[in-house]
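Encoded as C-alpha cells, the structure appears first; notes follow it.
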Amino acid sequence: VFELHIDGVLQKTVDLVRDGGINIPFVVPVEAIDTDGDGFIEIKVKMAPGAKDNTTILNALWIFDNLPPTQDIIEGKANKFAKAILHSGAPIAPNHTGPARADLMIVTIRNTGKENVVAIPTVNINTNHIVTFDSEKKKLNIRNWRNICAWPPSNSIEMDGKNNILTFPQVILKPNESKEYVISIHSNAEGFSWTVEEAKRALNQAKLYWSNLDLPYNVAEIPDEAIQAQFDGALRNIYQAREIKNGLPSFQVGPTVYRGLWIVDGAFILEAITMLNRAEETRAGVEHMLSFQRPDGSFEKLQKYWKENGIVLWTIDRHEQLTGDREWLDSVWTVVEKVMDFIPILRERSRQDPEALSYDFIPFGYSDGGLNLGYEYTNAYWILVGIKSAISMAQRSGRKEQAQKWQLEYDSLWQRFLVLAKRDLYTDEYGNKMLPVPMSRPLKNPPQKGQWAFMHAIYPGEIFQKDDPLMLGTLANLTENECEGQILNTGWDEEGMWNYFTSFYAHAFLWLGEGEKAAQCAYAFGNHSSPLYVWREEQRVKNHPKPHWTGDMPHNWASAEFIRLVLHLVVFERGDELHLLEGVPKTWLKPGKQLAINGTLTRFGEVSIKLRISDDGKHATMSVIPPKRLVPEKILVHFNGKIYDLYKSGEKKDGAIVLKL
C-alpha cells in the first residue's frame, strides 16, 4: 500500500491488490499542479503508514496535458489520441538541489586518409526528457537542471523528442591532421563551454587530486599492469562514492541507484577496506549498520530478508578478527546477544504452518539474486553462517556457556537443513545432484538461479566440509553453466551474467584448494569491467543482439569483491593456517617480476610479503613479515606446484622470514 504525493500533498492512497487485483494492470490518474510555485512539480511515491511491505514500486509514469481513457494507456493506444508530454518506465524525479557537477569529455577526430576531408562532427544525445536549446548561449537544457555544452560552440541542434543532435561547425582536415573537441555536461549548475585547454587542465587537476589523496594504493603491488590498474580503480571508486556524514565516513554501495546502506553489500565493502588496513575508517560503517537493530533484536532493512541477521553477526565477527579489538567486541556484545535471542523466535515462526515447505526451519522469505519471496535456502545459509560466527566470537571472548548454548542451536538447525536438503535434492540436466534455492517443485527457474548465498556458505561461511557431496554437486552445476568464465543466469537477467558473483565463485574454489581455477575466475571477472575498471551488477555476453545492463554504475560491491579476491589470491586464511601465493596466476611469476602485499590485515594480524623472480627466471626470493597478534599454526607457501612450510624452510632476518625458491 502506498501514497501518491504531488508537491508534498497527499493526493491518493493506493492498494495495488484491493484496487486493481492480483496481476491486473491499472492506471491511477492524479491531477498535478505546481502548488508551491517553485517551477517544479514534485511527484513522490511513498509507503503508506502501517504497510507491511516498505518497497514502493512505480512501473511507469505518463504526463499528459489532456488525460486519455486509462484503458487506452494500458493497451498502448494513448498516444494516438493524446500525446504524452513525457513517458518513463522508471522513476524520473531528479535531485535538482544536489551539488554542482561538471563532467567533461575530450574527443579527438583525425584524418587518417591521404586527401583533405570535410568533417561536420555531431553529438547524438539520447533522452526521453524534455529538451530545449538556447541558441544565444549555445547550450542544450534538460529539465532545467542539466545543461550540455560544447567547444567549439555548436551551431545548431535538431530535436525529435528523443535523438537530439548537436552539430559542430564544419572543419577541413588535412591528411594526418586532427582536431579536439570538448563536450561538457553540467548538473545543478549553469552550463558553459570549456575550451580544450581548460578541459585538459581540469583533467590534470583531477589526476593530481586522486594521485595525492591518502588512499591505500600501496597495499598491493601486482606484476600485471591491468590487474594493478583495476585494483587501484576499484578502491578509488569505493572512495569516490564515500560520504562524510556527521563527521564520520560512510561507504556507499553506489553513487545513485544503490546510494545508501544495503547490509549484505555493505558487509563486504567494509571488509575489503578493512583488509586494506583502514579499520579506523570502516568502524563507523559497521556501527552504522548495527544501529538498525529492531527492538526484538532482529535486522530487517529489506522485508523478510532474514539473512540480514546472519550477515550482521558475520560482519561483527570479521571486523573483530581483522582488528583484534576485543574491547570493541565487548562494547557491541548486546547486539550479538539480541540477534541470537531472535533466531529461535524466527525459527518458531516457521512452525506455525505444519504444511509449510520450510516447517521448523526458516520462514517464508526473500531470496534476492534473481528470485523473489518463497520457501527457500538463501536465508538459511546466512543464518547458519551467522550462528557459526556468534559461536566463534563467544569462544574467543571466553563466553563458554553462550558458545555451548548457541552450538546446540546451530546443530539443531543444521540437522533440519540436512533433512530438507535431502528432500529437495535435484538432479540437473548434466547429472549433478545439487540443491536449488527454491524448495517448491517443479522449478520455475534454472537450478543455478540465485545461488549467491550458497557460495557465501562455502566461503566465508565455511559451513560445508570440503568433501560434502551436496556442496560439490551444487558447485558442479554452476561450473556447467559457465559462460565467458562467469556463470550464466544466476542473477536477475536470464541472458546475463552477475559480474561479481564470479568473485563468490572464485573464493569457493580457493577455499577448496583450487588456486589455479580461482585465478582464472579473477581474470574472467576483470575482463568484464568497463574501460574505466568498474562493473555493472549484471550484463549480457559479448555481441549479444540485445545488450542489457542492470545495477548502479559503478556498483561498488563489485569493486570490493575485486579487492578481496586479488588480496586472497596472495594471502588466504584457512582455519589456523595462513596460505601464501595459493591463487597467484603463473603470469605473475615471469622473470624479473615482483609481487608485494604491504600490511594487509588478516585474522592473525598484519601481513606483508615481497616476492622477487630472478631475471633469468630460475630463482625467486620471498620475504614475509608474519603476523604478530596471533601466530598461525602454519604459514604455507604455494609455488610452482610445491608447498613450502615457511617456519621450517625459511630463514629469519631483520624481523622477516626469507625463503629461497
Original post:
Quick one: do E271 and R564 make a salt bridge, cutoff under 4.0 Å?
Top reply: yes
Original post:
Should we say atom CD of E280 is surrounded by more than 12 heavy atoms from elsewhere, each under 6.0 Å from it?
Top reply: yes
**OP:** Indicate yes or no for a side-chain donor-acceptor contact from Q228 to the backbone of A220 under 3.5 Å, with no hydrogens or angles considered.
**Re:** yes
Original post:
Looking only at atom types and distance, does a side-chain atom of T550 sit under 3.5 Å from a main-chain N or O of E537, one as donor and one as acceptor?
Top reply: no
Original post:
Between E495 and H548, does a side chain to side chain contact (heavy atoms under 4.5 Å, CB included) hold up when you go through it step by step?
Top reply: CA-CA 9 Å; E495 300 178 69; H548 180 69; over 6 Å; no
**OP:** Using a cut-off of 6.0 Å, state whether more than 12 heavy atoms not belonging to E516 lie near its atom CD.
**Re:** no
Original post:
Is a side-chain N or O of D428 found less than 3.5 angstrom from the main chain of M434, in a donor-acceptor match?
Top reply: no
**OP:** Answer yes or no: is there a donor N or O on one side and an acceptor on the other, between the side chain of E573 and the main chain of T602, under 3.5 Å?
**Re:** no
Subject >> Stepwise side chain to side chain donor-acceptor pair (under 3.5 Å) check, R101 with H186 >> reply: CA-CA 6 Å; R101 175 187 175 117; H186 300 82; over 6 Å; no
Original post:
Does K307 make a cation-pi contact with Y305 (under 6.0 Å, within 45 degrees of the axis)?
Top reply: yes
Original post:
What pair of heavy atoms forms the shortest contact from L475 to M455, and how long is it?
Top reply: CD1-CE, 3.8 Å
Original post:
Between T282 (side chain) and G285 (backbone), is there a donor-acceptor pair under 3.5 Å?
Top reply: no
Subject >> Shortest non-hydrogen separation from L601 to L322 and the atoms involved >> reply: O-CD2, 3.4 Å
Original post:
Between E606 (side chain) and P627 (backbone), is there a donor-acceptor pair under 3.5 Å?
Top reply: no
Original post:
Within the distance-only criterion (no hydrogens, no angle test), does the side chain of S614 pair as donor or acceptor with the backbone N or O of K618 below 3.5 angstrom?
Top reply: yes
Original post:
If you measure from the Lys or Arg side-chain nitrogens to the Asp or Glu carboxylate oxygens, is any gap between K610 and E221 under 4.0 Å?
Top reply: no
Subject >> Donor-acceptor contact below 3.5 Å, side chain D552 vs main chain Y258 >> reply: yes
**OP:** Please work out which of the three classes, parallel, tilted or perpendicular, describes the rings of H507 and F572, given edges at 30° and 60°.
**Re:** tilted
**OP:** Inspect the contact between E582 and R574 and indicate whether a charged nitrogen and a carboxylate oxygen are less than 4.0 angstrom apart.
**Re:** yes
Original post:
Would you call the rings of Y500 and H555 parallel, tilted or perpendicular, where under 30° means parallel and over 60° means perpendicular?
Top reply: tilted
Subject >> Side-chain donor-acceptor pair present, Q252, S250, cut-off under 3.5 Å >> reply: yes
**OP:** Of all the heavy-atom pairs spanning L488 and G496, show the shortest one and how long it is.
**Re:** CD1-O, 3.6 Å
**OP:** State whether E514 and K517 are salt-bridged, where the test is any N-O pair (Lys NZ or Arg NE/NH1/NH2 against Asp/Glu carboxylate O) under 4.0 Å.
**Re:** no
**OP:** Going by the side-chain contact (heavy atoms from CB on, under 4.5 Å) test, name the single residue among D368, I311, V253 that passes it with V264.
**Re:** I311
**OP:** Work out which heavy atom in D615 is nearest to a heavy atom in G592; give both atom names and the distance.
**Re:** OD1-CA, 3.7 Å
Subject >> Neighbour count above 12 (heavy atom, 6.0 Å) for R259 CZ >> reply: yes
Subject >> Ring-face cation of K466 near W511 (centre distance under 6.0 Å, axis angle within 45°) >> reply: yes
Original post:
Any chance the rings of F454 and F464 have centres within less than 6.0 Å?
Top reply: yes
Subject >> Aromatic centroids of F504 and H456 separated by under 6.0 Å >> reply: yes
Subject >> side chain to side chain contact (heavy atoms under 4.5 Å, CB included) evaluation trace for L595 with L581 >> reply: CA-CA 10 Å; L595 166 67; L581 312 183; 3.9 Å; yes
**OP:** Classify the angle between the aromatic ring planes of W498 and W557 as parallel (below 30°), tilted (30 to 60°) or perpendicular (above 60°).
**Re:** perpendicular
**OP:** Dump the intermediate steps for side chain to side chain contact (heavy atoms under 4.5 Å, CB included) on L661 and T621, then the final yes or no.
**Re:** CA-CA 6 Å; L661 299 165; T621 302; over 6 Å; no
Original post:
Looking only at heavy atoms, what is the nearest atom pair of A421 and Y377, with distance?
Top reply: N-OH, 3.5 Å
**OP:** Sort out for me which residue in N481, I487, T378, T474 forms a side-chain contact (heavy atoms from CB on, under 4.5 Å) with Q451.
**Re:** T474
Original post:
Is there a donor-acceptor contact under 3.5 Å from the side chain of N237 to the main chain of G233?
Top reply: yes
Original post:
Would you find a donor on one side and an acceptor on the other, under 3.5 Å apart, between the side chain of N277 and the backbone of G599?
Top reply: yes
Subject >> Residues E577 and R603 bridged, charged N to O under 4.0 Å >> reply: no
Subject >> salt bridge (Lys or Arg N to Asp or Glu O under 4.0 Å) assessment of K444 paired with E494 >> reply: CA-CA 12 Å; K444 297 179 181 178; E494 293 183 359; over 6 Å; no
Original post:
Taking the six-membered ring for Trp, is the centroid-to-centroid distance between F251 and Y239 below 6.0 Å?
Top reply: yes
**OP:** Flag the pair Y523 / H528 as yes when their ring centroid distance falls below 6.0 Å, and as no otherwise.
**Re:** no
Subject >> Chi angles and distances behind the side chain to side chain contact (heavy atoms under 4.5 Å, CB included) call for R201, N204 >> reply: CA-CA 5 Å; R201 192 157 54 245; N204 289 333; 5.7 Å; no
Original post:
Looking only at heavy atoms, which two atoms of I613 and P591 are closest? And how far apart?
Top reply: CG2-CA, 3.9 Å
Subject >> Lys/Arg-Asp/Glu bridge criterion (N-O < 4.0 Å) met for D224, K590 >> reply: no
**OP:** Could you tell me whether F525 and F562 have their ring centroids closer than 6.0 angstrom?
**Re:** yes
